Amino acid sequence: MDYKSTLNLPVTSFPMKANLTQNEPERLKKWKKLDIYNKMREERKGKRLFHLHDGPPYANGNIHIGHSVNKILKDIVVKYFFKEGYDTPYIPGWDCHGLPIELQAEKSIGKNKKEVTKLEIRKFCREYAKKYVKIQSDEFERLGVIGDWDNPYITMAYDYQANIVREFANFVKEGAVYRSKKPVYWCISCNTALAEAEVEYDDHTSPSVYVKFPVKSDISNFSNSLKGKEVSIIIWTTTPWTLPANRAIAVHPDYDYVFIETSTKEVFIIAKDLLEKFTEILPEKIKIITETKGENLKGLLCQHPFEDVDSIVLTADFVTLDTGTGCVHIAPGHGQEDYELGLKHNIEVYAPVDQEGKFHKSVKYFGGMKVFSANEEIIKKLKELGKLIASQSITHSYPHCWRCKEPVIFRAEEQWFVSMDKTSLRKIALSEIDKVKWIPSWGRDRIYNMIEGRPDWCISRQRSWGVPIIAFHCKSCDEYILDTKLIEKVADLFEKEGADIWFEKTADFFLGDYKCPKCGGKDFEKEEDILDVWFDSGVSFSYLKSKYGYEHPVDMYLEGSDQHRGWFHSSLLASCLAYKRAPYKSVLTHGFVVDAEGRKMSKSLGNVISPQDIISKYGAEILRIWVASEDYREDIRISQEILERLVDSYRRVRNTFKYMLGVLADFDSNKNYISYDELSYLDKAVLNRLYRLDKKVRKAYQNYEFHTVFHSIHNFCVKDLSSIYLDILKDRMYVLSPDDKKRRASQTVVFEITKTLALLLSPILSFTCDEVWEHFNLNNKKDSILLECFCELPKFFENDDIEKTFNSLLLVREDVQKALEDARRRKIIGHSLDAKVILYISDEIRDVISQYFEELREIFILSQIEIKFDGKGYYKGELSGISIDIFNADGKKCERCWVFDTTVGEDSSHPTICKRCRDVVSG
RNA sequence: GGGCCUAUAGCUCAGAUGGUUAGAGCGUACGACUGAUAAUCGUAAGGUCGGUAGUUCGAUCCUACCUAGGCCCA
């Protein structure tokens, strides 16, 4: 007789092989057909809201691995909150304006930039951004991210542009916007401002000059021998043309500075550590008079070498000792550090250079000259005036324009700023920071320090692809008009026509018969600068509020840790300025993706791994597991090995599901569910474990510790299920008659486990859990697992006594397994069912064992077991009070259940099976 | 150079107000099974907890410095 056919072996159509790369697109189609996002919203209509505000990625290029981390984390958070019963709208967004796209436009249009109108560029940019919004949208959806992909927010949408302008009006209303000079990179041959990204470094030969700045202040207190002598601070520079704009000299407060006397009785002040180098260029012998710390030089006034102004000595930490004299020439109009130092000390930002690089007429000696050719003239003049110590030539790395390859200059231009302090913006922002929950908590310190130390926000850019700053310039009195009513009027226009209209029409179109409030003039020109793109995305909260009904503040922003300087920062400022509060209640940050060695990904290192490759090789599910298994708060590593390990983990989880679904093939929870009281100790022990797992996992989700979620569940699958419970269960599952209560009891437990695990994992393994759900026999099932809630397990599943005894029992089991392995080595047995075990135990373990006594043979997966309280076995367990003897099992092996039993052969009509099987088979 | 952060087995993660042999899973090796089978089970080997110095009776956990790396500035 074929006894195998009389067994209840697991049956399921759930395939072992996932075939993710092919099946994922099918499942995405299913979700799309279900209109899953809107279904989810309907499902939770009227429930508590959880607003995760998507930070807009830049609509340029395909998505990379960092995007995947970000969007998958958001998706997990959103799906988790949904599972906890929240209504979870998720509106994806894109950032569309800005330099990178504009540069693409210039590159593609190809013509000389001067011949292309702003409107042409803007048209190209719009098309370009639109194209990548679509591409990225598809790529994000492919990751299994559920959101309102049909209604995203796009910063170049007309109504979004209008929103930007309205928020700008709010800034103006608050009185925070002002105009001031600030140095920017400037190409004097292209006649344009350059962004940092447009500057490339290349070798350039510059003059290198040492210049005297005679000290005017009384410094006799440093040394008596200084009396009556001409004392000069010596500066070194490679840009003599910036000397007319010199307004200060910087020294390092902690460095030592020496006063040296030359043979001509002149005294020079320079940094002590650079003295040796300096004396090499001096022909004459020198002697040191005295020395002092830079700190003590602070405040000294010097005479400008040829202008009729003073130059004040300041201290600055950026002064170094690698070249020069340790005394740095400061021209706030022509250098970044110079500018910032000047701001701190209220020094004029003077940049007497026009757009073509010519000195203003007003500049003494050099008016009208081009700056680079003026270098030579300036050196000549210095020499003539006796202010030059030495002049050499130096080849160094210098910024060049990437378009025309000419050297660029740093030049102060009028810019628009948002003040950090005039309206207490800094103060409000800092106090709001402490009301926000920063995850991880150090995010608070990071952004706090940034806000605390940052200069005013420069919001203007001399560019085409963006939203214009709505201001007008009165030609007759040079006044700049910022009028909130006018700005709001323009916003209304933008809402209908888009911001292009600003560039299509002249000022009078917007102004009508507006008169300059200062001089009554009627001749205006439009401001041509556009807003910093951080302004665009920074005001997204207000757009989401008005268009999608988002709360303000929203529940969460979730981005990479670079956004403390970026979006978190600009959003905080925008919200605090206009609404006096932070735009978010919590901010979660993740780290950056790095390779196996912890190095960042870069083309030059050749260690880039793309999400597209992972998806086509393994499937998006593996990418999702990867995101969930790593601790994203730090750098997130990825490598081929990591991916392969994850594929292994995935298989294990999948197989566990497959097996459980197979076990449940003939289980109907309506008819066959066994009540808790009727379960065996083993069954209860596993439900207790399940309950604890559920609690732990839910807690981990709550703390956004997804790696704990995944690791815990994986561990549960491997240990509690595969190697313990499911292995033990085989005997009763296969052998007993289908309706045997003991069998149904265990199926009940497997049913609870399958349901719980599928739901718990579904925010992460959405594809696979949905597939499990389809194969799972449950009443009132929703169309997709994504529409379900977490299930609440009954409290009585948790049982501390059982937890304790079961843990002890497992320790005994380990000892038995070690003994069996020892017997296996000695060729006494192969399978554990070949064995009969005599277990010698002490009294302390007696109580533990007694609870499980009925099931002990099965729990240890043996044919026979005997417990003895006296004597000692051959094998000594690690647990104290345990020893074990292993023998060949008594009787013969039952052909049906494979357990050795003395009853095999008793019945001549079934001579090869045991009594237990005989009873089942003959009904 | 500054702000913030990280460094525990080949991989991913645990861990302890500082206190006896630092844990798990994966992977690896060896073995078992062939009724979870491109599966499953068992056993075992892997770590001077990045380095140095200090505080302490005692440090992987605290402090300082160093090294390597990440993000943001300069």
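Quick caveat: nothing in here was measured; it's all calculated off a predicted structure. So you know, we letter chains A, B, ... as the sequences are listed, proteins then strands, and number each from 1. Side chains included, hydrogens not; waters and symmetry mates left out as well; all remaining heavy atoms used.
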Base-pairing assignment for B:rA44 (Watson-Crick or G-U wobble, both under 3.5 Å) = B:rU28
How far does the P atom of B:rG1 sit from the matching atom of B:rA24, given to the nearest Å?
-> 43 Å
What integer distance in Å separates A:I447:CD1 from B:rC71:C1'?
-> 14 Å
Tell me what A:R826 touches on the nucleic acid: a base, only sugar-phosphate, or nothing, going by heavy atoms under 4.0 Å.
-> nothing
Under 3.5 Å, which N/O atoms of the protein pair with N/O atoms of nucleotides 26-30 of chain B?
from	atom 1	to	atom 2	distance (Å)
B:rG27	O4'	A:R645	NE	3.4

Distance in angstrom units between A:H564 NE2 and B:rG3 P, rounded | 17 Å
Roughly, in whole Å, what's the span from CZ in A:F592 to P in B:rC5?
-> 17 Å
Taking the nucleotide of RNA chain B with the closest heavy atom to each, which residue, A:W898 or A:N449, is nearer the 5' end?
-> A:N449
Could you tell me whether A:D631 contacts a base, only the sugar-phosphate backbone, or nothing, with contacts defined as non-hydrogen atoms closer than 4.0 Å?
-> sugar-phosphate
Just compare B:rC72, B:rA14, B:rG69 and give me whichever is closest to any side-chain atom of A:R599.
-> B:rG69
At under 4.0 Å between heavy atoms, what does A:R454 touch on the DNA or RNA strands: base, sugar-phosphate, or nothing?
-> nothing
Spacing of the C1' atoms in B:rC13 and B:rC71 (rounded, Å) = 23 Å
When all nucleic acid strands are considered with a 4.0 Å heavy-atom cut-off, which category describes A:E895: base, sugar-phosphate, or nothing?
-> base
With rounding to whole Å, what would you report as the distance between B:rU28 and B:rC65 at their C1' atoms?
-> 39 Å
Flag the pair A:H590 / A:Y632 as yes when their ring centroid distance falls below 6.0 Å, and as no otherwise.
-> no
Nucleotide B:rA38, atom C1' - distance to CG of A:L20 in whole Å = 15 Å
Modelled atom types, side-chain donor and acceptor of A:Q336 and A:E340, under 3.5 Å | yes
Against the side chain of A:D445, the closest entry in B:rC41, B:rC71, B:rC4 is B:rC4
Side chains of A:N703 and A:R698, donor plus acceptor under 3.5 Å = no
What form does the base of B:rG10 take, syn (within 90° of 0) or anti?
-> anti
How far does the C1' atom of B:rC73 sit from the matching atom of B:rC61, given to the nearest Å?
-> 32 Å
Hey, is the side chain of A:Y3 poking within less than 4.0 Å of OP1 or OP2 on B:rG35, counting only N and O atoms?
-> no
Side-chain contact check for A:R565: nearest option of B:rU37, B:rC72, B:rA14 is B:rC72
Tell me, yes or no, whether the heavy-atom count around A:K696 atom NZ, taken from other residues, nucleotides or ligands under 6.0 Å, exceeds 12.
-> no
Between B:rC5 and B:rC41, how far apart are the C1' atoms? Round to whole Å, please.
-> 43 Å
Roughly, in whole Å, what's the span from CD in A:E597 to C1' in B:rG10?
-> 12 Å
Most 5' of A:S639 and A:E878 on RNA chain B, judged by nearest nucleotide = A:S639
Under 4.0 Å between any heavy atoms, over every strand shown, what does A:I642 touch: base, sugar-phosphate, or nothing? Just pick one.
-> sugar-phosphate
Measure from NZ on A:K600 to P on B:rA68 and round the result to the nearest Å.
-> 15 Å
When you compare B:rU34 with B:rG70, how far apart are their C1' atoms, in angstrom units rounded to a whole number?
-> 50 Å
When you measure from the side chain of A:H831, which nucleotide among B:rC72, B:rC13, B:rC33 comes out closest?
-> B:rC33
Quick one: label A:K818 by what it contacts on the DNA or RNA (base, sugar-phosphate, nothing), any heavy atom closer than 4.0 Å.
-> sugar-phosphate
With a 4.0 Å cut-off on heavy atoms, is A:H711 in touch with a base, just the backbone sugar-phosphate, or nothing at all?
-> base
Rounded to whole Å, CG of A:N655 lies from P of B:rU37 at a distance of 8 Å
When the P atoms of B:rA59 and B:rG50 are considered, how many whole Å apart are they?
-> 15 Å
Answer with base, sugar-phosphate or nothing: what part of the nucleic acid does A:K4 contact at a heavy-atom distance below 4.0 Å?
-> base
Answer with base, sugar-phosphate or nothing: what part of the nucleic acid does A:G598 contact at a heavy-atom distance below 4.0 Å?
-> sugar-phosphate
Is any side-chain nitrogen or oxygen of A:S723 closer than 4.0 Å to OP1 or OP2 of B:rG42?
-> yes
Does a side-chain N or O from A:K17 land closer than 4.0 Å to OP1 or OP2 of B:rA38, or not?
-> no
Contact class for A:G830 (heavy atom, under 4.0 Å): base, sugar-phosphate, or nothing?
-> sugar-phosphate
Any strand is fair game: report the nucleotide pairing with B:rC62 by Watson-Crick or G-U wobble, both distances under 3.5 Å, or none.
-> B:rG54
Quick one: label A:M660 by what it contacts on the DNA or RNA (base, sugar-phosphate, nothing), any heavy atom closer than 4.0 Å.
-> nothing
Could you check how far CG of A:N607 sits from C1' of B:rG70, rounded to whole Å?
-> 13 Å
Just checking A:E337: base, sugar-phosphate only, or nothing, at a heavy-atom cut-off of under 4.0 Å?
-> sugar-phosphate
Would you say the ring centroid of A:F667 lies under 6.0 angstrom from that of A:F751?
-> yes
Remember a base hit wins even if backbone is also touched, and classify A:S722 as base, sugar-phosphate or nothing at under 4.0 Å, heavy atoms.
-> base
Taking the six-membered ring for Trp, are A:W438 and A:F568 parallel (under 30°), tilted (30 to 60°) or perpendicular (over 60°)?
-> perpendicular
Return yes if a side-chain donor-acceptor contact under 3.5 Å exists between A:S863 and A:R857, otherwise no.
-> no
Salt-bridge contact A:E858-A:K730 (side-chain N to carboxylate O under 4.0 Å) | no
According to the Watson-Crick and G-U wobble definitions, with both distances under 3.5 Å, which nucleotide is paired to B:rA68?
-> B:rU6
Ignoring hydrogens and angles, state whether a donor on the side chain of A:Q864 or A:D901 is under 3.5 Å from an acceptor on the partner side chain.
-> no
Between A:T12 and A:Y659, is any side-chain donor less than 3.5 angstrom from a side-chain acceptor?
-> no
Across all strands shown, which nucleotide pairs with B:rA38 by Watson-Crick or G-U wobble geometry, both distances under 3.5 Å?
-> none
Using the salt bridge (Lys or Arg N to Asp or Glu O under 4.0 Å) rule, take A:D256 and A:K293 through it: C-alpha gap first, then chi angles, then the decisive distance, then the call.
-> CA-CA 5 Å; A:D256 292 319; A:K293 289 280 179 203; 3.1 Å; yes
Testing B:rG69, B:rG35, B:rC5 for proximity to the side chain of A:W442, the answer is B:rC5
Between B:rU48 and B:rU8, how far is it from one C1' atom to the other, in whole Å?
-> 13 Å
Under a 3.5 Å limit for both distances, which nucleotide forms a Watson-Crick or G-U wobble pair with B:rA22, could you say?
-> none
No-hydrogen, no-angle side-chain donor-acceptor test under 3.5 Å, A:H910 and A:R918 = no
